[in-house]
Amino acid sequence: MKLKYLAHSSFLVECGATTLVFDPWLLGSAYLKQWYLWPIAPKDSEKIEADVILLSHGHEDHLHPETLRALSKKAHVFFPFQWKEGIKPFLKHIGYKNVTEAITLRTYTVNDVKITYLGYSLESVIVIEHKGEVLVNINDALNSNHENAANMLLEKIKSKWPKIDYLLSGWSGASYFPNQVKYPGKNDVEIGKIREQYFANNFFRFTNYLQPKCAVNTPSGFILLKKNDQWINHVKFPRTKLDEYYKKYFTHTDATTFFAPFPGDVIENGVMTKVSDLHKLSEKEQYDLAYKHYEKEIEDANTIEYVGDDDVKELIKQLTYYTNYNKTLYHEIILNDARFSILLEDVGEETYLNITYEDSAFKVTKSKKPLADKRLLVTTTVKNLLYCLKKVWGGDILSIGYGLIVNVYDELTLEKNLDIVCIRLITRYPIAKKEMPGSPLRVLKFYANNPKMTTFWLKQKMMLKPYVNKYPFNERDHWLTYNKCDLCAVCKIPEIDLSAYK
């Protein structure tokens, strides 16, 4: 195998005469111009003639419409089979004729390359085999998954592929939580760094368990341009410290060599050839270069485009509909607690939407002041919310794309995970129990091929409605209220000198 790193989570893998590309995001932006590629892909990467495109999951930075439209439509595209259909018709619509929805643990052969998907929730691990070499791509989702779910997958991988040549992974805080959640006394930068260390530590744990010959870590792959968000770019775990950290805090580390490529770098026969000039630059110099590269986009990102009264009226209409549509996700006990306000940044005068639950229904009212007894305050734009509610998976604009800030005022709100509730109420995602009955055979097929993971998911999402996000154990308030020492202890990660890891 010959690996060439392209950008973000994307690799070009040559297996003899067969060329495969993972998760191509090679040009343009993502999440409504909130994420931009950094480091950028090598010139004309989108013109690659791939035989196979392997998509791990449906997030826009992995299934990137603009890139997929630019790539050759001759490629055979694989995507994990999921309970909800829609991806295959989309890929067919933009021109791909050969699309396979990969069943978990079913091996597919293209020429002399074997491809196996292991699905979990809406993500997947992808394994390719060629002439005795094995590559396992856990991408960026497994690091943030629950420990029990991750362990199930790791055990399956280890049993089926005991000898792994390449383990690929990236990680980053691709979520509004905890970076965009504000709480009295919280040190945003410190918590952001510990969160990144937590994801990195999970990667090291996976590496230590699987014992690959080579562990390949990609950079975070995206940059935020809004001035108030740029600090998030600088809390990433430094990839120059991978080997040092691994050997210091783990045992049985001699089997694995770590690689941290930049776009254009090539890995073959366990050796990395450094092509990118970014290796010569410090982290500060790299970001200085990034901000210069995106100078015009930074100006645009920090310019507010104000909306009119008609847009606000339309938003109130949409929010009233979707908060009441989404209320079936939660128990009445939870809904009665969901009193919150939204500050709209792109309205000329200070404007709030106050959301309350009265007489078993949500009401959305416009006001110049927020609710006096609000549980939290969401700050975002009319533009973000309207876009979010127009698309089936539109919630990603807010929850992944950093399209909001959440101010929480008391610990009880954190303990009840009401930020999850309130944000889910104002976003649009498929609701399983409403949509599954429309495709019973597909749902049964999905369950039959993923019984353990599906049962795990059902317990978390459906059986414990009064206890939001409490199964499996996930005390998110730790990230906002604990000191550094206690947070590292509860997350089972070593306490390090964060100033040395920059």
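What you see is a predicted model; the values in this text were computed from it and never measured.
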Return each pair, listed once, that meets salt bridge (Lys or Arg N to Asp or Glu O under 4.0 Å) where at least one residue sits in residues 486-496; pairs must be two or more places apart or across chains. Glu147-Lys492
With sequence neighbours left out, write down each residue that passes side chain to side chain contact (heavy atoms under 4.5 Å, CB included) with Val392, or none if nothing qualifies. Lys84, Arg428, Pro430
Residues two or more places apart in sequence or in another chain: which of them pass side chain to side chain contact (heavy atoms under 4.5 Å, CB included) with Lys97? none
Parallel, tilted or perpendicular: which fits the ring planes of His57 and His62, with parallel below 30° and perpendicular above 60°? tilted
By side-chain hydrogen bond (donor to acceptor under 3.5 Å, both in side chains), Arg205 pairs with (sequence neighbours left out) Asn151
Lys247: side-chain hydrogen bond (donor to acceptor under 3.5 Å, both in side chains) partners, not counting sequence neighbours: Asp243
Anything under 30° is parallel, anything over 60° is perpendicular, the rest tilted; go ahead and classify Phe258 against Phe203. perpendicular
Strictly distance-based, threshold 3.5 Å: is any side-chain N or O of Lys158 a donor or acceptor partner for the main-chain N or O of Tyr209? yes
So which pairs with a foot in residues 194-203 pass side-chain hydrogen bond (donor to acceptor under 3.5 Å, both in side chains), sequence neighbours left out? Gln197-Tyr245, Asn201-Tyr245
Filter on side-chain hydrogen bond (donor to acceptor under 3.5 Å, both in side chains), then keep only pairs touching residues 216-228, sequence neighbours left out; what's left? none
Between Arg239 and Glu283, does any NZ, NE, NH1 or NH2 come within less than 4.0 Å of an OD or OE carboxylate oxygen? no
Which word best sums up how the rings of Phe250 and Phe204 line up, parallel for under 30°, tilted for 30 to 60°, or perpendicular for over 60°? tilted
Contacts table for residues 64-72: side-chain donor-acceptor under 3.5 angstrom, sequence neighbours left out:
{"unit_1": "His64", "atom_1": "ND1", "unit_2": "Thr67", "atom_2": "N", "d": "3.2"}
{"unit_1": "His64", "atom_1": "ND1", "unit_2": "Thr67", "atom_2": "OG1", "d": "2.8"}
{"unit_1": "His64", "atom_1": "NE2", "unit_2": "Trp25", "atom_2": "NE1", "d": "3.3"}
{"unit_1": "His64", "atom_1": "NE2", "unit_2": "Ser29", "atom_2": "O", "d": "2.7"}
{"unit_1": "Thr67", "atom_1": "OG1", "unit_2": "Leu26", "atom_2": "N", "d": "3.0"}
{"unit_1": "Ser72", "atom_1": "OG", "unit_2": "Glu49", "atom_2": "OE1", "d": "3.2"}
{"unit_1": "Ser72", "atom_1": "OG", "unit_2": "Lys74", "atom_2": "N", "d": "3.2"}

Thr380: partners by side chain to side chain contact (heavy atoms under 4.5 Å, CB included), with sequence neighbours left out: Ile342, Val378, Asn384, Leu385, Leu398, Leu404
Partner residues of Asp165 under the side chain to side chain contact (heavy atoms under 4.5 Å, CB included) criterion, sequence neighbours left out: Glu133, Val134, Lys213
Contacts satisfying salt bridge (Lys or Arg N to Asp or Glu O under 4.0 Å) that involve residues 13-29 (not counting sequence neighbours) are none
Pairs of donor and acceptor atoms involving the side chains of residues 268-276, under 3.5 Å and at least two apart or interchain, shall be tabulated with distances.
{"unit_1": "Ser276", "atom_1": "OG", "unit_2": "Leu278", "atom_2": "N", "d": "3.1"}

